[in-house]
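For reference, the structure discussed in these notes is given below.
Note that ligands are numbered from 1 as they come in the structure, with each ligand's atoms numbered from 1 the same way.
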Amino acid sequence: MLNIAVFVSGRGSNLRAIHTAIEDGRLQASITLVVTSRDRAGAAEWAEAEGIPVLSVHHVQPSEVAKVLLEALGQHQANFIALAGFLKLIPSEVVAAFRNRILNVHPALLPAFGGTGMYGHHVHEAVIASGAKVSGATVHLVDEEYDRGPIVAQRCVPVQDDDTADDLAARVLEIEHSIFPEALELFAQNRIFVRDRRVFVIK
Ligand code: GAR
């Protein structure tokens, strides 16, 4: 059973997709905590209305964030972390404590279009400007570097000639909403192992 802490910074559509997958029985898990890097994020308001505990790290001193997070994760018995549009780097102490137990969803096909500054619309604008004909979503394990951890799942979408960043974002977001809960379910079923930075799914 996964007890997931979902980390958010904004709207929270991936948080809601994870919640829906749990309600529908597609994901054997529960969301025990929502961590937000912004006080008035839509996701945090939604979680509060659902009765899910919410921790904001917005006003926490950078040097204190790791300690505050580890305490809250312990208190809420979280054994897994899902980064659903969380725009801050996870402190290395938390990565170490949750090694291979943190997943991030990224709105492009990593290792392209990732790294510092590559989030939200910046990603889709860069994809369109590059002339790439496909984009997609990536779910990957989180290590100490932005967007570099081992890849668990990817799915493609076409980039159309007349796409705006908004058009492409909407097409990719739909994919995120399915591959993120699916990837989490592989961990819930204990079907993942990692070797030499590669992720293998046990059939
Ligand atoms: C999602 O598209 C997610 O992939 C992206 O932020 C959005 C959050 O949307 N994350 C990144 O760009 C991280 N590099 P949501 O709040 O509606 O889930």
Identity and distance of the protein heavy atom lying nearest [atom]:
| atom | answer |
| --- | --- |
| atom 3 (C) of ligand 1 | E176 OE1, 3.3 Å |
| atom 11 (C) of ligand 1 | P107 CD, 3.6 Å |
| atom 9 (O) of ligand 1 | R11 NH2, 3.1 Å |
| atom 15 (P) of ligand 1 | S13 N, 3.4 Å |

Going by heavy atoms in the side chains, are D161 and K133 under 4.5 Å from each other? yes
Evaluate Q77 against N3 for side-chain hydrogen bond (donor to acceptor under 3.5 Å, both in side chains), listing each step before the verdict. CA-CA 7 Å; Q77 293 170 2; N3 287 337; 5.1 Å; no
Looking only at side chains, do [X] and [Y] share a donor and an acceptor under 3.5 Å apart?
| X | Y | result |
| --- | --- | --- |
| D163 | H124 | no |
| E144 | S92 | no |
| S13 | H177 | yes |

Of all the atoms in ligand 1, which lie at a distance below 4.0 Å from a heavy atom belonging to [X]?
| X | answer |
| --- | --- |
| L173 | 2 (O) |
| G85 | 6 (O), 8 (C), 10 (N) |
| M118 | 14 (N) |

Closer than 4.0 angstrom: is that true for some heavy atom of V8 and an atom of ligand 1?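 So V8 does not count as touching ligand 1.
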State whether the shortest distance between N or O atoms of [X] and N or O atoms of ligand 1 falls below 3.5 angstrom.
| X | value |
| --- | --- |
| G12 | yes |
| G120 | yes |
| Y119 | no |
| D147 | no |

Any idea which of H177, R16, H106 brings a heavy atom closest to atom 13 (C) of ligand 1?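 The residue whose heavy atom sits nearest atom 13 (C) of ligand 1 is H106.
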Donor-acceptor under 3.5 Å (D143 side chain, E145 main chain):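 Looks like yes, one N/O pair under 3.5 Å.
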Do the side chains of L27 and L83 join up, straight or via other hydrophobic residues, at under 4.5 Å, putting them in one cluster?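 As far as the 4.5 Å side-chain criterion goes, L83 and L27 are not connected within one cluster.
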Would R195 pass as a cation-pi partner of F200, given that its NZ or CZ must be under 6.0 Å from the six-membered ring centre and within 45 degrees of the axis?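 Judged by the rule (NZ or CZ under 6.0 Å from the ring centre, within 45° of its axis), R195 counts as positioned above F200.
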For A29 and I4, work out which heavy atoms get closest and say how close. CB-CD1, 3.7 Å
